[in-house]
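As structure tokens, the structure follows; a few thoughts come after it.
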There are 2 protein chains.
Amino acid sequence: MSAPLENIARIKVRSLAALIEAEVERMIMGGEIAPGDRVNENQLAVRFGTSRGPIREALRSLEAGGLVELKPNRGVFVRSISLQEACDIYAVRAALFGLAGRLCAKRLISGQVAELEVLVRDMEQAAAAKDFDSYYPLNLKLHDFIMEHSGNPVLASHYRDLVKMLHLFRARSLVQGGGLAISNSEHREMVDAISSKDGERAHRAHFAHVMRARERLTHSQEIQSDIKTKKVS
Amino acid sequence: MSAPLENIARIKVRSLAALIEAEVERMIMGGEIAPGDRVNENQLAVRFGTSRGPIREALRSLEAGGLVELKPNRGVFVRSISLQEACDIYAVRAALFGLAGRLCAKRLISGQVAELEVLVRDMEQAAAAKDFDSYYPLNLKLHDFIMEHSGNPVLASHYRDLVKMLHLFRARSLVQGGGLAISNSEHREMVDAISSKDGERAHRAHFAHVMRARERLTHSQEIQSDIKTKKVS
DNA sequence: GAAGTGCAGATTGTCGACAATTGACAATCA
DNA sequence: TGATTGTCAATTGTCGACAATCTGCACTTC
């Protein structure tokens with residue numbers, strides 16, 4: 001009985017570098033450090049009350065994960081994601097989400113499908129009430145549910161990384177875009193496909209859902225571009 | 001004219017940590033440090049003639065990239081990939097390769113398709129001669145060509161990471177498995193699909209190709225398992 | 001006024017030292 | 001003899017100091 005307690009104690013011990021990494025990531029994801037900003041080692045060391053060593057270690061991890069980029073002798077900068085890169089990310093995300101849909105169609109049992117049905121229904125109500133604040137967390141929940149229940153941790157991990165990268169892009173985007181009703185009819189098709197246990201159909205529905213989000217992104221950026229042009233002239 | 005030169009000089013400057021990271025990755029990929037082995041900071045510091053600081057930084061990068069895992073106060077170990085994880089990786093790889101096929105079908109021009117045709121023909125010859133030493137590099141070349149010409153650097157990067165992970169698994173696998181002729185008929189279908197400019201067909205062909213490699217892997221592991229059982233009894 | 005040069009301060013990169021943790025081995029106890 | 005405890009060496013985690021690099025500003029020259 002003591003072995004589980006020892007393992008738990010071990011899991012809880014984390015180095016300063018790991019703690020700092022998590023905190024800096026939070027600061028970046030939350031917008032406190034914006035894309036393009038430099039991450040100053042000395043300031044972080046003062047802020048966290050540590051030496052620069054663990055700071056540097058944490059930043060190397062964040063760099064390998066793609067959140068920041070290191071320019072030798074000049075510092076570490078939060079990465080900026082261009083529209084092109086965001087589109088590329090969406091395409092990869094669509095492929096992974098499509099696979100998740102395929103896998104869920106093959107492995108979800110009826111109780112789990114029922115959970116998805118509930119989510120879609122709740123989202124339909126939120127959409128009808130034009131209640132974006134309720135809709136958005138449900139949307140996240142649906143996506144997370146599908147990824148976690150795909151049964152493939154490698155898939156879920158890669159997908160999470162991509163979503164994280166997209167946060168760097170969204171930090172600059174003021175237009176949220178996309179109609180709730182359209183998006184939720186796509187969710188309905190996704191869940192129906194999973195329920196039908198047809199892997200191909202589920203793959204198509206999930207892939208298409210993310211690709212349409214990609215198109216909406218491209219479209220909204222074009223609108224923004226047009227608006228800017230008109231203001232100048 | 002001097003600005004481009006300065007930029008090139010900047011690109012070339014790399015920290016000790018970056019150099020060490022690349023070297024340790026080479027040692028892992030080449031099998032010099034095997035899955036499960038501990039990576040000793042002091043030994044590396046002696047070997048590279050540096051202090052432990054940059055070693056630690058390099059190892060944090062490698063950890064974030066998934067090649068090694070850090071156990072606080074106990075050291076850094078090269079990761080072992082289980083059969084289950086290898087299967088998961090293959091599935092994700094199939095999804096990404098399928099997307100690459102789809103994108104290539106839409107964007108490759110005839111000269112590029114012709115290059116693929118040459119590769120497939122050369123592989124057919126190597127397969128007919130049962131010349132695995134010639135076949136394997138051509139196989140790599142075909143896969144790399146498709147990924148690089150997908151036009152999506154995010155996709156290519158994720159794919160490369162997955163292939164890198166699979167090296168950790170292969171370092172333990174003695175059976176290479178799979179018939180050359182079968183594999184190359186799949187390559188033929190892939191290239192034909194790209195040539196036909198049918199994205200859906202190309203996606204199916206590329207996805208199926210990697211999924212069959214996944215099946216061959218599972219099958220060969222089952223055979224190994226059977227052999228071991230028979231030896232014991 | 002524009003261009004070039006030099007310098008100082010800020011910051012990054014690396015080093016070696018000290019502190020903390022772990023695992024292996026030896027000694028002790030029941 | 002097996003279980004428990006203590007010790008020590010190896011290794012990891014962190015610190016602060018020194019060296020190197022870069023940028024911005026002031027001064028000089030044309």
Side-chain angles (χ1 to χ4, degrees), chain A residues 1-24 27-28 33-34 36-64 67-79, chain B residues 1-24 27-28 33-34 36-64 67-79:
Chain A
M1 295 298 278
S2 69
L5 281 177
E6 284 174 6
N7 287 341
I8 288 166
R10 245 185 207 149
I11 288 167
K12 280 185 177 170
V13 170
R14 291 216 279 167
S15 63
L16 281 183
L19 295 169
I20 289 160
E21 180 188 351
E23 184 58 28
V24 173
M27 290 159 77
I28 291 169
I33 318 181
D37 285 356
R38 186 158 77 166
V39 183
N40 185 306
E41 296 177 8
N42 282 319
Q43 283 177 14
L44 285 183
V46 169
R47 179 176 177 145
F48 295 129
T50 69
S51 76
R52 289 197 295 114
I55 309 279
R56 295 182 60 82
E57 288 181 26
L59 294 178
R60 292 304 163 276
S61 275
L62 290 171
E63 184 206 12
L67 273 196
V68 300
E69 62 188 332
L70 180 155
K71 300 180 186 182
N73 289 315
R74 295 173 61 204
V76 170
F77 299 80
V78 179
R79 265 205 333 119
Chain B
M1 294 299 275
S2 67
L5 281 177
E6 285 172 5
N7 286 340
I8 287 167
R10 250 188 202 150
I11 287 167
K12 279 185 176 170
V13 170
R14 291 217 280 168
S15 63
L16 281 184
L19 294 170
I20 289 161
E21 181 189 350
E23 184 57 29
V24 173
M27 289 159 76
I28 292 170
I33 318 182
D37 285 356
R38 185 157 75 168
V39 185
N40 185 308
E41 295 176 6
N42 282 320
Q43 284 177 14
L44 284 185
V46 169
R47 179 175 178 148
F48 295 130
T50 69
S51 77
R52 289 196 297 114
I55 308 282
R56 295 181 58 82
E57 287 180 29
L59 294 179
R60 293 303 162 277
S61 275
L62 290 171
E63 183 206 11
L67 272 197
V68 300
E69 62 188 333
L70 182 154
K71 300 179 184 182
N73 290 313
R74 296 171 60 203
V76 169
F77 299 80
V78 179
R79 260 199 344 115

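Here is the naming used below: chain letters follow the sequence lines, and residue numbers restart at 1 for every chain.
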Which nucleotide in D:dC22, D:dT12, C:dC15 has an atom nearest any side-chain atom of A:R74: D:dC22

Mind calculating the distance between CD (A:E41) and C1' (D:dG16) to the nearest angstrom? 14 Å

Return the nearest nucleotide to the side chain of A:R52; candidates are D:dT14, C:dC15, D:dA17. D:dA17

Output yes when at least one side-chain N/O atom of A:R60 is less than 4.0 Å from OP1 or OP2 of C:dG13, else no. yes

Check B:E41 with B:R52, please: is the shortest side-chain N to carboxylate O separation under 4.0 Å? yes

Remember a base hit wins even if backbone is also touched, and classify A:G53 as base, sugar-phosphate or nothing at under 4.0 Å, heavy atoms. nothing

Starting at CZ of A:F48 and ending at C1' of D:dC15, how long is that distance when rounded to a whole Å? 17 Å

Specify the separation, in whole Å, of atom CD of A:E57 and atom P of C:dT14. 13 Å

Pairwise 5' ranking along DNA chain D for A:P54 and B:G75, keeping only the more 5' one: B:G75

C:dA10, OP1 or OP2 - any side-chain N/O from A:N42 closer than 4.0 Å? no

Given 3.5 Å as the limit, does a donor-acceptor pair link the side chain of B:R79 with the main chain of B:E63, or not? no

D:dT12 phosphate, OP1 or OP2, under 4.0 Å from B:R56 side-chain N/O: no

Report the residue (B:R38 or A:N73) whose heavy-atom-nearest nucleotide on DNA chain C is the more 5′ of the two. A:N73

From the list D:dG13, C:dC15, C:dG13, which nucleotide is the closest neighbour of the side chain of B:L70? D:dG13

Please examine the side chains of B:V24 and B:I20, heavy atoms only from C-beta on, and report whether any two atoms are closer than 4.5 Å. yes

If you measure from the Lys or Arg side-chain nitrogens to the Asp or Glu carboxylate oxygens, is any gap between B:R56 and A:E57 under 4.0 Å? yes

Test your reading of the model: is there a side-chain donor-acceptor pair from A:R60 to the backbone of B:L59, 3.5 Å cut-off? no

Would you mind reading off the distance between A:K71 atom NZ and D:dC22 atom P, rounded to a whole angstrom? 13 Å

Starting at atom CG of A:N40, determine the distance to atom C1' of C:dG13, rounded to an integer number of angstrom. 14 Å

Separation of C:dG13 atom P from A:L59 atom CG, nearest Å, is 10 Å

In this structure, how many angstroms lie between the P atom of D:dT14 and the CD1 atom of B:I55, rounded? 17 Å

OP1, OP2 of D:dC15 versus side-chain N and O of A:S51: anything below 4.0 Å? yes

